[in-house]
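A short worksheet on the structure shown next.
Here the structure is a predicted model, which means the values were calculated and not measured. Order of the sequence lines sets the chain letters (A, B, ...), proteins ahead of strands, with each chain counted from 1.
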2 protein chains.
Amino acid sequence: MTASPPLATGAVTGVSGPTISDVARLAEVSIKTVSRVLNHEPGVHVDTRAAVERAIAELRYRPKQSARSLAGARSFLIGLLYYDPSAQFVAGVQQGATMRCREAGYHLVVESLHDDAPDLREQVDRMVSTLRPDGMILTPPLCDNPEVLAALRDSRTPCVLVSPGRHTKDAGRDMPSVRMDDVHAAEETTNLLLSLGHERIAFVKGPSSQSASALRHQGFVRAMKAHRVGIVEDYVIAGRFDFESGVEAAHRLLSLARPPTAVFASNDDMALGVLAAAQALGLAVPGELSIAGFDDSPASGLVWPALTTVRQPKAEMARVAVEMLIAARAGDFDGPAQARGTDFHRVLPHELVVRDSTAAPATQAIAEQARARARERTRPKR
Amino acid sequence: MTASPPLATGAVTGVSGPTISDVARLAEVSIKTVSRVLNHEPGVHVDTRAAVERAIAELRYRPKQSARSLAGARSFLIGLLYYDPSAQFVAGVQQGATMRCREAGYHLVVESLHDDAPDLREQVDRMVSTLRPDGMILTPPLCDNPEVLAALRDSRTPCVLVSPGRHTKDAGRDMPSVRMDDVHAAEETTNLLLSLGHERIAFVKGPSSQSASALRHQGFVRAMKAHRVGIVEDYVIAGRFDFESGVEAAHRLLSLARPPTAVFASNDDMALGVLAAAQALGLAVPGELSIAGFDDSPASGLVWPALTTVRQPKAEMARVAVEMLIAARAGDFDGPAQARGTDFHRVLPHELVVRDSTAAPATQAIAEQARARARERTRPKR
DNA sequence: CTGAAAGCGCTTACAG
DNA sequence: CTGAAAGCGCTTACAG
């Protein structure tokens, strides 16, 4: 009811901002033409386009996501589903995804779901049906969860799986994916140890529930066989991808009559456990024991000595995932299905990060002596 | 044009799902009444409400965010702005925020912004005007960035600052905040070292650009003064909150004629650096040197010995932030301003995590000897 | 190359 | 306690 204060031309309600009509009025065209410019549709005269763009800039106009979403087929929202929030892996993926989304005018909605929540399907359903995201990015272990995949399939939401695992019957074989080559990376890491002169190389496996475990072990075996170096049964230990199981593995390995000169732990948390245990036992790393990890977690570069490890292309995988999602949007009802050509399943390059925890094995005498010392200190776990 | 196949009652287009009209029809009420039930408005007959809820359940109906957002004042979207994606701090905040959002029927949109991007304001503007989030959560250092704060203030978007720093003129003194008591936490940590018998306690400061630095240092000073223990000037080193500056600090401290028996590094990354350096110099931790950190980063529990540190209530702060945002929504135009009472600035309890890197100082003789040994090995940095 | 009309699925006043 | 109408700000067919 109060008279509005003098405002710049075209200014509207101070709070809700200019609309497409304001732009149309200023540019002296219809809202349909503004819409065409907004969506980069072809068939707009270059002068008209310029006029509209000028009006948009002058009014600082931004189309409202909710209006576009309600009227059209796109929501400009991409969902990221993950389980362990503290996981470095997710942080890297999220970083890549937000960057690529911003570039494309999309926004990233994140949801942390417990892998075995009773209402998991319900939670996924709710997100999809209320938000209508244009696509979903799934990280392990959710990208291997049949319940989650089924919910998403039913909703016809385009998905991209990042580092998915075993493709069982219910899994996302029919869904596009982005991954790195775990087998090859593990092979390279093993080759590094072999090339340093190690022959007594131990391997600490991950849990069988995670697909990366088998792949990394496979790479280890392949490299050893290629170099005709025997794999000692006692040198292959089952771990759980956590620090504690790395500690346990180290105790078992270092109390052997003939302990290994190098340990390849198939993720950094376990490698950190091996390192901690070795140091606690008085072994010098890498002088008396070489250790390699996998993941390039932040901690791997913060310990002493810094861990040799494998860097996963986390952000890159996410960027590619977002691109696949945006490309697959609209038009094709069965989304990804038709893209099933060359790049339905993408594999991105990784990087072997050689740092300070790996070196040539000490000469026989010194090494034996050191390990004997360690063995003495090893007490049976209670 | 083709005859639709037989479908269950009320079923609509397979892909877009049921609408509020479908629910209204099934419950034999108007859509307005369904809307009332959806929004938990009072003044709906209990029987009517029950009927509507039954219809909602039967149809598995979910209101569409975009339609609610376009028609109403809420978007059911909360934004989280952060800078460093790998930071453990952000991961904890995000975890708490997604959980609380889910409980409240909201969704979390994340945006990673570079603190000194040239188009920072533009980026914030774009997010706010296209998404119209009901609120924004800001983490350091963005919550202290005048440009970001100005953009948000202009857009009239309710904000909550998590762990904001110095309240300068342009800062968010007028915005609600959630934090922990850094001063008190640092005081407690110092008290722990003092109670173990340490008197020669060094302190590694953070960069002056970060507000936590001064607060933690203040807590250290307060504890030392309270116990009438002198603060040796050479024991207070300027760090940068990173691993490398921890290493440097350790080298400086351990090459002193009279080195400290304990080091309180004011964040974990620096404490990890001190630990690595000490171990590289052959010092036993905590036997010959006690080390305490701050943050409870994942790495702090993965090293050997595990670091004594302070756990910040990250997820809790985020939960509270989301609650403040939801509570402040609608009605009050100046949002948070009116809540300025008891809980405009909330302080949440932290936890001192005592682990294995702190112990009583070794007896004078042994300790001196150990440090002398270390001193010999210390080489001047080039 | 451009536009007028209808409609997406809700909430907001307003009326009863 | 309940509902009919209008409208949020866009895109979708469709027409010219």
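Using modelled atom types, one side-chain atom of Arg102(A) and one backbone atom of Ser112(B) make a donor-acceptor pair closer than 3.5 Å. For Asp115(A) (side chain) and Tyr83(A) (main-chain N/O), no donor-acceptor pair under 3.5 Å exists by modelled atom type.
Contacts with DNA chain D (heavy atom under 4.0 Å) in residues 62-72 of chain B: Leu70(B), Ala71(B), listed by number. Within residues 32-42 of chain B, the residues that place at least one heavy atom under 4.0 Å from DNA chain D are, in residue-number order, Lys32(B), Thr33(B), Arg36(B).
Tyr61(B) comes within contact range of the sugar-phosphate backbone alone, with a heavy-atom separation under 4.0 Å but no base atom that close. Using a 4.0 Å heavy-atom criterion, one finds that Ser21(A) contacts no nucleic acid atom at all.
Classification of Arg100(B) and Glu103(B) as a salt-bridged pair holds, one side-chain N sitting under 4.0 Å from a carboxylate O.
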Kindly determine whether Arg62(A) and Val128(B) satisfy side-chain contact (heavy atoms from CB on, under 4.5 Å), including the steps that lead there.
CA-CA 10 Å; Arg62(A) 311 252 180 222; Val128(B) 164; over 6 Å; no

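Separating the P atom of dT11(D) from that of dG3(C) is a span of 16 Å, rounded to the nearest Å. Going from the P atom of dA13(C) to that of dC1(D) covers 22 Å, rounded to whole Å.
For Thr157(A), the side chain to side chain donor-acceptor pair (under 3.5 Å) partners are Ser155(A), not counting sequence neighbours. Judged as a side-chain contact (heavy atoms from CB on, under 4.5 Å), and not counting sequence neighbours, the contacts of Ala50(B) are Arg54(B). Taking Phe76(B) as the reference, Tyr106(B) meet the ring pair (Phe, Tyr, Trp, His ring centres under 6.0 Å) condition, with sequence neighbours excluded. Annotation: side chain to side chain donor-acceptor pair (under 3.5 Å) contacts of Thr139(A) (sequence neighbours excluded): none. Residues passing the salt bridge (charged side-chain N to carboxylate O under 4.0 Å, His left out) test with Arg60(B), sequence neighbours excluded: Asp125(A). The side chain to side chain donor-acceptor pair (under 3.5 Å) test applied to Ser129(A) returns no partner, not counting sequence neighbours. Legend: residues meeting side-chain contact (heavy atoms from CB on, under 4.5 Å) with Asp119(B), ordered by chain and number and at least two apart, are Ala117(B), Glu122(B), Gln123(B). Evaluation of the ring pair (Phe, Tyr, Trp, His ring centres under 6.0 Å) rule for His45(B) yields no partner, not counting sequence neighbours.
Between chain A and DNA chain C, the heavy-atom contact criterion of under 4.0 Å yields a 5' to 3' nucleotide range of dC1(C) to dG9(C).
Secondary-structure stems of DNA chain D, taken as three or more successive Watson-Crick or G-U wobble pairs (i with j, i+1 with j-1) under a 3.5 Å distance threshold, comprise C:1-3 with D:14-16, C:5-12 with D:5-12, C:14-16 with D:1-3.
Atom SG of Cys159(B) is separated from atom CG of Leu152(B) by 3.5 Å, given to the nearest 0.5 angstrom.
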